[in-house]
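Please read the structure below before turning to the comments.
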There are 2 protein chains.
Amino acid sequence: MDDGVQFSEGSSEAIAHRLALAIHEHRLPPGAKLSEDEVGEIFGVSRTIVRAALQRLGHDRLVTLKRNRGAFVSQPTPREAREVFEARALLEPRTARSAAQRATPKDIALLTRHIEAEHSALHAGEPGKALRLSGQFHIELARIADQDTIRDFIIQLVARSSLIIALFWRRRQALCESGAHDALLRALAAHDGDSAEELMKGHLLDLVSSLDLRNAPAPAYTLSEALAQR
Amino acid sequence: MDDGVQFSEGSSEAIAHRLALAIHEHRLPPGAKLSEDEVGEIFGVSRTIVRAALQRLGHDRLVTLKRNRGAFVSQPTPREAREVFEARALLEPRTARSAAQRATPKDIALLTRHIEAEHSALHAGEPGKALRLSGQFHIELARIADQDTIRDFIIQLVARSSLIIALFWRRRQALCESGAHDALLRALAAHDGDSAEELMKGHLLDLVSSLDLRNAPAPAYTLSEALAQR
DNA sequence: GCGGACAAGATCGTATACAATCGTGTCTGC
DNA sequence: GCAGACACGATTGTATACGATCTTGTCCGC
């Protein structure tokens, strides 16, 4: 199950997409430097294209652009992490409710296959892919809710959540496997908006509580602070 | 009362900012073409900079980029208009509540001056400026609520709302003058989160109901549809 | 007179070249 | 041995030139 969307191969969108994919799957860790020359050489395009792609990712806060320094995969702060999940808590439960009300049999079938893919990836020892699919599940819900604008926001928040998980993940808690998505699917299939909303609310709280925002102070803000600790 | 932020004069951010300002104040109407050469000449920079600025605005959906055609000030569809205000309805009431809980005397003073500026602009016959300030009021609330992430979303939604108002405004209903902001200010000053949340909810509903999403089908999606009506 | 093909102009898309800036290594004077 | 200044290398910032694509005006055949 890969994303249906395809771009013209060498376009800036295509490159942004592939970079985002790598970040989602934790192949590019927070803090990794994305040199324009390097990226351009890898994809066989000029820096012009790479710059556009990086700017786009920068706007989504997936990478941080430092003037005259370059682009780096973002390292969300604990504060940012909290805010991202607070925003999700405002947007997603109500969206899940709408999705439950609007879901068609076709949607249910698609989500069923999606969850199966999540499980497969996890059992196939591809936690990165599982994580990405897990995020896409949330995006699918927004699509089913027929809310393009909110969906765009959720796409952004899910992407940043992936970075947050990379940094603040408490432990390999088999979280993806918690069955939250299965429960949501059942609520959707039953067109039970109330349950869907509550399940999503709980799911997001579970996610936050699986993070350790206290003891893992994002690998340094200015580096001077990083070493001022003791 | 101008925005404190200033950029390095000819940077892409500065140009994006100035273009956004013009759009906010309805000096650039929906549909207006933003030619790279033209904009570059006006600001005295090369197309490279202009492209970056336009891409940024495109990402915020303030302008629509058409391949090999150019950039145009966006023309939100009725559907988009509805979605934007649905998103605002999810984000802003709760944010207003937080703002009420956190507002300091300094914040209250600032908002008071802000509202005065709104009134002044309106009475000075500058409805564009009044509209922009009115939007900024909502953004200030998100700042007071200390929610940067949600604030970014609201900035985007307010900007798009300005376009929506330009297109679907039912009538010169003295809406800005409805006193909703004054009431919100009072709730904030009293640290009354419940009232603030309810007032914001009502304010957004008022805004939506002042639009005519039915009879004003955004000056054409593809133009073929625009004329297929009768 | 009308429809389609063709060509010219305009505009955007991309690559490359040059300038500016920053980080870092080295060298000198103390 | 150390602090400061200097200079070099690397990387990004910006401008410009060239190529691709689309629009539009014109011409020819019907």
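Just so you know, these numbers use all the heavy atoms, side chains as well, and skip hydrogens, waters and symmetry mates. Chain naming here is simple, since letters A, B, ... match the order of the sequence lines and numbering starts at 1 in each.
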Kindly write out the residues that satisfy side chain to side chain donor-acceptor pair (under 3.5 Å) with S35(A), not counting sequence neighbours, or none if the list is empty. none
Qualifying residues under side chain to side chain donor-acceptor pair (under 3.5 Å), relative to E140(A), sequence neighbours excluded: R143(A)
Under 3.5 Å, which N/O atoms of the protein pair with N/O atoms of nucleotides 6-8 of chain D?
none

Would you please name every residue forming a side chain to side chain contact (heavy atoms under 4.5 Å, CB included) with A16(A), sequence neighbours left out? A53(A), R56(A), L57(A)
Under the ring pair (Phe, Tyr, Trp, His ring centres under 6.0 Å) definition, can you give me all pairs with a residue in residues 126-146 of chain A, not counting sequence neighbours? F137(A)-H181(A), H138(A)-H181(A), H138(A)-H203(A)
In whole Å, I'd like the distance from the CD atom of E41(A) to the P atom of dT11(D). 12 Å
Which pairs pass ring pair (Phe, Tyr, Trp, His ring centres under 6.0 Å) with one or both residues in residues 48-75 of chain A, sequence neighbours excluded? H59(A)-H59(B)
For R94(A), enumerate each residue passing the side chain to side chain donor-acceptor pair (under 3.5 Å) test, keeping only those at least two apart in sequence or located in another chain. none
Under 4.0 Å from OP1 or OP2 of dA15(C): is there any side-chain N or O of S46(A) that close? yes
For R69(A), side chain to side chain donor-acceptor pair (under 3.5 Å) partners two or more places apart: none
R61(A)/D148(B) ion pair, N-O < 4.0 Å: no
Are there any protein N/O atoms within less than 3.5 Å of an N/O atom in nucleotides 7-13 of chain C, and if so, which ones and at what distance?
unit_1, atom_1, unit_2, atom_2, d
dC12(C), O3', N68(B), N, 3.2
dG13(C), OP2, R51(B), NH1, 2.4
dG13(C), OP2, R51(B), NH2, 3.0
dG13(C), N7, R47(B), NH2, 3.0
dG13(C), O6, R47(B), NH1, 3.3

